[in-house]
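Both counts, for ligands and for their atoms, begin at 1 and track the order of listing. The first residue in the sequence is number 1, and the count goes up from there. Just so you know, these numbers use all the heavy atoms, side chains as well, and skip hydrogens, waters and symmetry mates.
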Amino acid sequence: MTSLERTLVIVKPDGYRRGLTGEVLRRIEAKGYTLAALAVQTPDRARLAQHYAEHEGKPFYEPLLDFMSSGPATFAIVEGHRCIEGFRALAGATDPTAALPGTIRGDLGRDWGEKVQANIVHGSDAPESAEREIAIWF
Ligand code: DAT
Ligand code: MG
């Protein structure tokens with residue numbers, strides 16, 4: 001029995017600026033997941049603070065909010081059985097230098113020497129976070 005799992009994917013402002021939005025969405029569709037909703041918007045700090053509440057107080061938290069509010073990003077609700085785990089596998093490791101080739105972060109990302117890693121994509125890490133994050137942005 002398949003479940004209609006959902007995840008929140010964000011193509012972050014670095015991905016938008018570099019013209020990689022289509023490439024990321026292409027990989028999601030090529031994998032076989034469904035795009036259920038799409039929206040381009042510049043994230044506001046209030047909702048980013050909710051979204052990233054688990055990281056409050058960490059050294060990269062303020063740089064993360066600055067980076068994420070620095071320009072347009074694309075928000076997607078992605079659907080499919082096991083898409084949360086599946087998209088995290090497509091995205092690769094948080095550190096784009098360590099992310100394996102073949103992954104979005106490994107193929108398209110790099111370390112720019114900033115306080116926060118600009119790593120192109122966000123993907124929810126569990127069903128509860130996915131529903132919480134989707135409610136923030138949609
Ligand atoms: P992920 O996006 O892989 O779920 P996370 O939730 O731990 O990673 O962190 C959120 C974002 O914050 C991450 O995509 C990039 C940035 N980040 C995380 N850890 C970092 C670190 N040690 N130094 C710089 N930026 C970091
Ligand atoms: Mg995370």
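Counting heavy atoms from C-beta outward, Phe87 and Val121 have side chains that approach closer than 4.5 Å. Taking 4.5 Å as the limit, every side-chain heavy atom of Phe60 sits out of range of all side-chain heavy atoms of Gln117. Looking at Ile10 and His51, their side chains come closer than 4.5 Å, going by heavy atoms from C-beta outward. Considering only heavy atoms from C-beta on, Ser69 stays 4.5 Å or farther from Asp44 through its side chain.
Summary of contacts: the protein heavy atom closest to atom 10 (C) of ligand 1 is His55 NE2, 3.6 Å. Closest protein heavy atom to atom 8 (O) of ligand 1: Thr94 OG1, 3.4 Å. Among protein heavy atoms, atom 11 (C) of ligand 1 sits closest to Leu64 CD1, 4.0 Å. When hydrogens are left out, the protein atom nearest atom 21 (C) of ligand 1 is Phe60 CD2, 3.6 Å; that is the closest non-hydrogen contact.
Set against the non-hydrogen atoms of Val116, the atoms of ligand 1 under 4.0 Å away are 16 (C), 24 (C), 25 (N). In summary, the atoms of ligand 1 found under 4.0 Å from a heavy atom of Lys115, numbered by their order in the structure, are 24 (C). The atoms of ligand 1 that sit less than 4.0 Å from any heavy atom of Gln117 are 15 (C), 24 (C), 25 (N).
Aromatic ring orientation, His122 versus Tyr52: perpendicular (interplanar angle above 60°, classes split at 30° and 60°).
At a heavy-atom distance under 4.0 Å, no atom of Met68 approaches ligand 1. Heavy atoms of His122 found under 4.0 angstrom from ligand 1: none, in either backbone or side chain. The part of Arg105 lying near ligand 1 is the side chain, judged by heavy-atom distances below 4.0 Å.
Annotation: side-chain contact (heavy atoms from CB on, under 4.5 Å) contacts of Glu23 (sequence neighbours excluded): Arg26, Arg27, Leu108.
Proximity of Asn119 to ligand 1 is established by a heavy-atom distance of less than 4.0 Å. Ligand 1 has at least one atom lying under 4.0 Å from a heavy atom of Arg88.
A donor-acceptor contact closer than 3.5 angstrom links the side chains of Arg47 and Gln41. At a cut-off of 3.5 Å, with distance as the only test, a side-chain donor of Arg17 or Ser70 sits close to an acceptor on the other residue.
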